[in-house]
Structures are given as C-alpha cells and as structure tokens.
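Okay, so here's the structure we're looking at.
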Amino acid sequence: MASTKLSSEESRKVLDKIETDLIRPMRSHKGLELWLLFLGLIFIVGGYAYFIQLRDGLGVTAMRDYSSWGSYIANFVFFVAASLIGMFISSVFGLLKIKWVIPISRIAEMIALAFAMWAGLVIVIDMGRPDRLHHVFLYGRFQSPIVWDITVVTSYVAISMLLLLIPMIPDASILKRRMSDAPKWQQMIYNLLTLGWDAQPEQYAILKRSMRVLMILIIPIALSIHTVTSWLFAMTLRAGWDSTIFGPYFVSGAFVAGVAAVIIAMYFFRYNYKLGDYITDYHFNRIGQVLVLVSAVYIYFNLNEYFVPAYKMRTAERLHLEEMFTGHWAYMFWFAQIFCLAIPTFLLIFKKLRKPKIMLWLAVFVLIGAWLKRILIVIPVQQHPYLPIQNVPDSFKEYHFTGIEIALNILPIAGVLLIITILAKLFPVISVWEVAHEKGVDETIIK
Amino acid sequence: MKILIRYFALAASMLLMVTVQGQSTWTVPDAKKKTPNPVKPTTENISLGKNLYNQNCKSCHGDPGKNNGLPLTPKPVDPLSDQYQKQTDGEIFYKMQTGRGAMPNFKETIKDNDKWAIINYIRSLKKGGKTAEAEATSEPAVASATNTDTLTQSASSASGNKMAISLTIHTEDSTASIYLSELSSEGKRIPAAGVEVGLYVKRTFGNLPIFGDDIPVTDANGVAIVKIPQGLPGDTIGNLNLIAAVINTDQFGKVEATVAASFGVKTPIVDLTEETALWGRSKKAPAYLLITYFSAIIIAFGTMGYVVKEVASLRKYKKTV
C-alpha cells in the first residue's frame, strides 16, 4: 500500500505529526459555542413551526388537494441525493484504489450519514399524523414503492454507519491513547470502538476485508435508494413523472449535489480546521474534475428528460413543459439549469478555475440549483393533472411556500450540520491510519 | 392611391361572389332528371335507406330537418328543406352518382338500388308530414314488471297519450314480443304498424342493442318478435334488464319499457383487491415480488451481520496487554 516504507524512527515522527495535525482541531473549540447557538436558534424556530403544524395540521403549508407533495418531499429527495456521495467517493473510488480520495472519504461518509439520517426525519415532518408512523410498518403494502423506499433508506443508514465506524477502529485506538484528558463519556466511545485493536496483521486483514465487503455492498444499496426514490414518481402515470429514465436521472443528479456538498465541506475543513497539508489544491483540482464529470452526465440526462418529450409535445406533457420553459416556473427552471449546472460545469473545465475559493462559490450555486431542481421535479407536475382543475379555491392551483414550510425545510439542514459538527468533534475528519499508511508509516505502530 | 386599392378590393370581392354563386348551381341533364325511381318505398326499404343515410350522408348533411350540416362551401343542403325536396328523384340520384366539390360520388360505393332506398327514405320524411321539428310529446317510459305463471314477463309503458309500448318475454323459446299501440283520433288504442322498434340490454354506459342487423318493424297487429341471443352476461344471479324502445325518438319521443329477466349468464363479481397482483392488498402481493424484496433484505443485512461478526473477532488477535 505504502509507496516507500519509512524506518521505525521516521514512522514514529511522521505518525506523531499526523496525529497532532488531525486531532488538534477536535480540541480547538473556538467559535463552536456561537455556531451551536446559531444551530440551536434554528432548532427553536423550526421546533415552534413544527408545533404549529402539529396543532393546526398540514394546512399551514402550501400543500392542497392537487399539490399534495410539496417542498418537504422535494427536500427529502434532495437529502437522499446528497447522501449518495458517501458511496460514490469512499466506495467507487476506494475500490478503484484511487489514492487522492483518502483524505476526503471520511468527510463524504459523514455527509452521507447525516443526510441519510435526516432524510427519514424529513418524511416524518411531511406526515399529517406522525403518531401513525408505525402503521407504515404494520400495514404497508409490499407492492408500494413507498415501502421499498423506507426499506432501502433504512438499509443505507445502517451500512453508512458501519462504513463510517469500521474504518474508525484504528483511529479510535489512537484517540484512546491521545485523548486521555477528554470527558469520560467520550473516552467510553473510543474504548468501545477500539474493539481490541492492536495493529496485528490478522486484524488488518479482517479490517480490510470487512471494508471491502461493505464497499461492494453499498453500491447496489446506494443506487437503489435513489432509484427507488425516483420510482415514487416514475411509478405513476402523471405527465412529467412517467419517465423510464427517472432512476439514472436521479442518481446522476444525486452525484452532482453530493460532490458540491463535499467541496463545501472540504473548503470549510481545510481553512477552519487548518488541514491545508492534507486537503491540498491538488485535491480540489481532482474533485473539480469529478464535478465536471458527474455534471456532464447529469446534463446528458436532463437533455433526455426534457428534450425528448418537448420534441413530441403530447398534450399533457405540453402543459407541464410549457410551464417549465416559458411559464410560471421558467425563472426557477432556467436559473437552476443555466446558473447552477451549465455555467459551473463549463467554468470547471478550466484548470485555472479549479481553485478552492472559486470552487466553493460554484459548489454553493450547484447545491442551491440541486435543491431548486427537486422542487421543479416534485411540485409543477401535480398542477397539471390529466383532468383539468376546476371549481377549486385559488390556493389549490398554485404553490406558494409558507413561512412554516420554509422553517421546517431549514430545520433538517441545520440538523445535518449539527450531526457533521458532532462527528467532526468526536473523530478526526481525515482517517489518521489511512493517511499514515499512505505516507509509508510502519503499520504495526498504528494503534 | 388608397381609393384605387379599395376599388380593386371591391372588384375582387364581387368577382369572388360571382364564382361562389356559380358553384352553387348544379345543373342536371334533363334526361337524367326524368329517371323514375324503380324501387318501391316499403317499410323495409325505407328502413334500409335510413341506415344508409346515417352511414354515408349524415356526417355532412346532418339530421334531416335540423339544418345542422357541415359549414362547407357550398353548404350541404338539408334533405328536408324545400330546396332539396323540390328536386326530382332522378336529380338526387344523378348527384349521388356524380358528386361535386366536397361531395364524393357514390357511383361505386353504394349500389344503385341502395341509392334509391336512400331517396325513398328522404321522401318518406316529407310524405308522412312527420318532420323532425314535430314536437314529440311522449314522456319517458315508466316500466313495471309482472310475473305470470306461464314464465312470461311483461311491462308496458304509456307515454303521454300517443304511443304505448309493452314488452313480453317468453322464456320457453327465448323470444321477446314487443307490442306498440297508438291513440287513434277517436280516443281508442289501436296497433301502431310499420314502426321500427329495438330490443336492448341495459348496460352501465348505455343500452346494448341485441336485435341484430335487421331492425324489427311492428306488423299490422303492432307486434314485433325478437329472438333473444343466448349467453349475455347478466348480474351475479343472471338477471338482465331488457328494454324495448321505439328507435325513432325524433319522431315519437322516448317510448320504452323495461323488464328484468333471468336470461343472462351469472357473472360473479371479482374483487380486484382479492387478486394476487401488484394492485392487490399486501397479503395478495405476487410471490416474485416478495421473494425479491425479502431476499434483497436478507442479503443486505446478512452481509452486514457477517461484517459485524468479523469485526467483533478483532479482539481475539490482540497481543499486547
């Protein structure tokens, strides 16, 4: 694995430096209180909004008889999309033995786990009677894509957690040694996770085999979570959802959103956690190339998804597509497609522009576009049912976000940031032992 | 300059009007005008003509007397209008034979005798003085069914005080007899002869005709006998609702009688949710789906369980204490 083996003297020195560099930000709590206060405020506002929604019912949102899936479902699709990145970076690139992803694969895993866990909660927010959540398990139909979706999202949360925690075992052993001054509960976590790690060759064999098995297994599970999420729409006959390419269209879009999220996290950890030696311009250059690749694939699927029906303009599709291209949703649609997809992809083709600061801004645009795109997929279609909408209040015909809804869409995003914050304070955001291996540190001392 | 343009426009529009008017006269050679109608206007023949008219002519010429033909230029003339009826039979025949403009020729597509039948039908509309505008005062039928010991069921309807229809089902030989009567000027009920009647089965979305290709016509006694086809799907106990009705509702209004008869084949109601299918209840999920679903879960969680077990065995290899 290592390019050049270091002597045991050097190994100790290098490992010590890596440990110090990667553990230091976990001890520094500068600005943490302020950040947690900010997240706490969002939680208070969101919690109050949820209280109102529970008290008064889902009528406090813009959802009505026709658009019965609103921004919550769009938010859910966005969350599932963003969570796919853990599989893509750590598993696909890991199995291909692409070395440069080593320092960012744990970041991707943390993002994935946080988004996947909150995706389930977003669905609960969308429920009018969350007290009947268990009915989904008791009375769900096996024929329903909704039951399949619950199953695969649960499986993905489980496997993401394993894929985050199992490579953490050698690091937990290191943390146990170096964080002896940490609070007791924190030490207990490290102790529990160490699992008797002693850097023995047999242990390395078990660890690597386990990781390999999980990396292979996570690929079909991750593909199926977003494919099944797309089937929630594509299994209906509605014009605009009734599409055979919805699965790959969603998956390719998910990679775009996920890579953008990883770029933002990389930027944050590089500057805030002072990890410039580990997350370098080279890594930004590489992940920029990945963004170009996945965006190009996504643009290709967009072309198929919009151009093919637009060429034929069947009556029902026409209503929907005209609203998207020139009608009510046109500003959002073209903003998402041009400013959040086409332009960032084009700019990132140039190596000169694949620099951290520029990429941060482009990634923010891409991520906003990814969220808007989910709105555009979920809501407009429902406003053009096959039977024309007649004799209903005006609020049924258009979708205007309410304040409650906005608060409850921001709440899960704060929740994701909170999970990432906690994980980044409990564990090093870069895998210590894997980086040490990469630098040629003697395996047997990593414990 | 402007005046000149106006002048030209005026001249052009006048020219156009002349052309259009020129088109609207359709001269028929005198010899052809005098061709006599060789087919006798019997009830059957008029009925045939009516069917052919509905198939071939109605789409452009519309319902006779309603002047609702297609808005073409020249406009297809209503067959009940004076402009149409003042033509000789020979003239109408010649025009069917040759066609003009939007009107196709029917030289090959309709047999000559059939063309004469259409003409007989068109003439019959005028002759009887029964134009479509004539108010049909009949009321919708009120049906009542009675069971007799001779396995006969009948119902009759008195509609207004003009026409009355009754339907009797003969179970032994699967026939239905329809009796139609009308009120004479002396106030007596007399049989109505030569009227087309139909026999139908009531279905969810309308009435299904079951009298076949030959439209039944009441005889001199006002009776028409219709054979009831076997094997019609009925309800769960095999009941059918048979309806006898006068076909020409334009002329006679809605005159009909309904009888429930146990002629149908029993059709059990299949509850779709009881089927083993994708749309069924959860307990009726198809086996392939359940096998796929559960084997995917078992493989995924089984593999994860294996990994957890493997990792838990790490402790065994701990050397340093």
Side-chain angles (χ1 to χ4, degrees), chain A residues 136-145 147-148 150-152 154-163 165-170 172-173 193-222 224-225 228 235 444-445 447, chain B residues 59-60 68 70-72 202-208 233 236 267-321:
Chain A
V136 179
F137 302 98
L138 291 178
Y139 310 115
R141 286 170 67 246
F142 293 113
Q143 295 98 315
S144 165
V147 167
W148 309 341
I150 289 167
T151 313
V152 284
T154 316
S155 312
Y156 188 69
V157 170
I159 194 167
S160 292
M161 215 177 266
L162 287 179
L163 207 47
L165 293 181
I166 288 177
M168 201 73 87
I169 293 169
S173 166
L193 261 178
T194 305
L195 288 169
W197 180 257
D198 199 19
Q200 298 298 326
E202 296 93 336
Q203 292 185 320
Y204 271 111
I206 291 173
L207 181 72
K208 283 178 183 168
R209 190 171 63 234
S210 303
M211 280 169 65
R212 224 180 141 67
V213 169
L214 290 179
M215 280 175 182
I216 294 168
L217 180 67
I218 200 174
I219 292 174
I221 294 183
S224 63
I225 66 164
V228 172
M235 290 298 192
T444 54
I445 64 163
K447 55 186 176 184
Chain B
S59 57
C60 294
N68 59 359
L70 282 189
L72 303 172
K202 190 167 171 52
R203 288 289 179 231
T204 312
F205 300 105
N207 296 338
L208 172 76
T236 45
T267 314
I269 293 174
V270 183
D271 185 355
L272 287 180
T273 58
E274 289 298 324
E275 272 179 52
T276 298
L278 279 177
W279 58 83
R281 295 180 299 135
S282 194
K283 280 180 183 160
K284 294 285 175 181
Y288 71 85
L289 184 82
L290 292 176
I291 292 168
T292 314
Y293 177 82
F294 284 108
S295 47
I297 290 179
I298 290 166
I299 291 169
F301 281 92
T303 315
M304 283 187 241
Y306 163 77
V307 168
V308 169
K309 191 185 133 274
E310 281 284 282
V311 169
S313 73
L314 281 175
R315 202 175 292 277
K316 279 195 295 192
Y317 302 97
K318 190 176 163 99
K319 296 250 168 73
T320 46
V321 186

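The chains referred to below are lettered A, B, ... by the order of the sequence lines, with proteins before strands, and numbering in each begins at 1.
- Both the backbone and the side chain of B/Tyr317 come within contact range of chain A, with heavy atoms under 4.5 Å apart.
- Both the backbone and the side chain of B/Leu278 come within contact range of chain A, judged by heavy atoms closer than 4.5 Å.
- Interface residue A/Ile166: only side-chain heavy atoms are found under 4.5 Å from chain B.
- Side-chain contact between A/Tyr139 and B/Ser282 is absent, with no heavy atoms from C-beta onward closer than 4.5 Å.
- Only the side chain of A/Gln200 comes within less than 4.5 Å of a heavy atom in chain B; its backbone stays farther off.
- Looking at every heavy atom in both residues, B/Val307 comes nearest to A/Ser210 through CG1-CB, 3.7 Å.
- Interface remark: B/Lys284 contributes backbone atoms only to the contact with chain A (heavy atom separation under 4.5 Å).
- To the nearest 0.5 angstrom, B/Phe301 atom CZ is 8.5 Å from A/Thr151 atom OG1.
- With a 4.5 Å cut-off on side-chain heavy atoms, B/Leu289 and A/Trp148 count as touching.
- Across B/Met304 and A/Leu214, no two heavy atoms sit closer than the pair CG-CD2, 4.4 Å.
- In this structure, the portion of A/Ile169 lying under 4.5 Å from any heavy atom of chain B is its side chain and not its backbone.
- In this structure, B/Ala300 and A/Leu217 approach most closely via the heavy-atom pair O-CD2, 3.5 Å.
- Side-chain N or O atoms of A/Arg141 include one that pairs as donor or acceptor with a backbone N or O of B/Gly280 at under 3.5 Å.
- Residue A/Arg212 qualifies as open at atom CZ: its count of foreign heavy atoms under 6.0 Å is 12 or below.
- For A/Ile221, the part lying under 4.5 angstrom from a heavy atom of chain B is the side chain only.
- A/Gln143 approaches B/Ala277 most closely through the heavy-atom pair NE2-O, 3.1 Å.
- Under the 4.5 Å side-chain criterion, counting only non-hydrogen atoms from C-beta, B/Lys319 is in contact with A/Glu202.
- In plain terms, the two heavy atoms of A/Asp198 and B/Lys318 that are nearest each other are OD2-C, 3.8 Å.
- Taking CG of A/Leu195 as the start and NZ of B/Lys316 as the end, the distance is 13.5 Å to the nearest 0.5 Å.
- More than 12 non-hydrogen atoms from other residues, nucleotides or ligands lie less than 6.0 angstrom from CG of A/Leu138.
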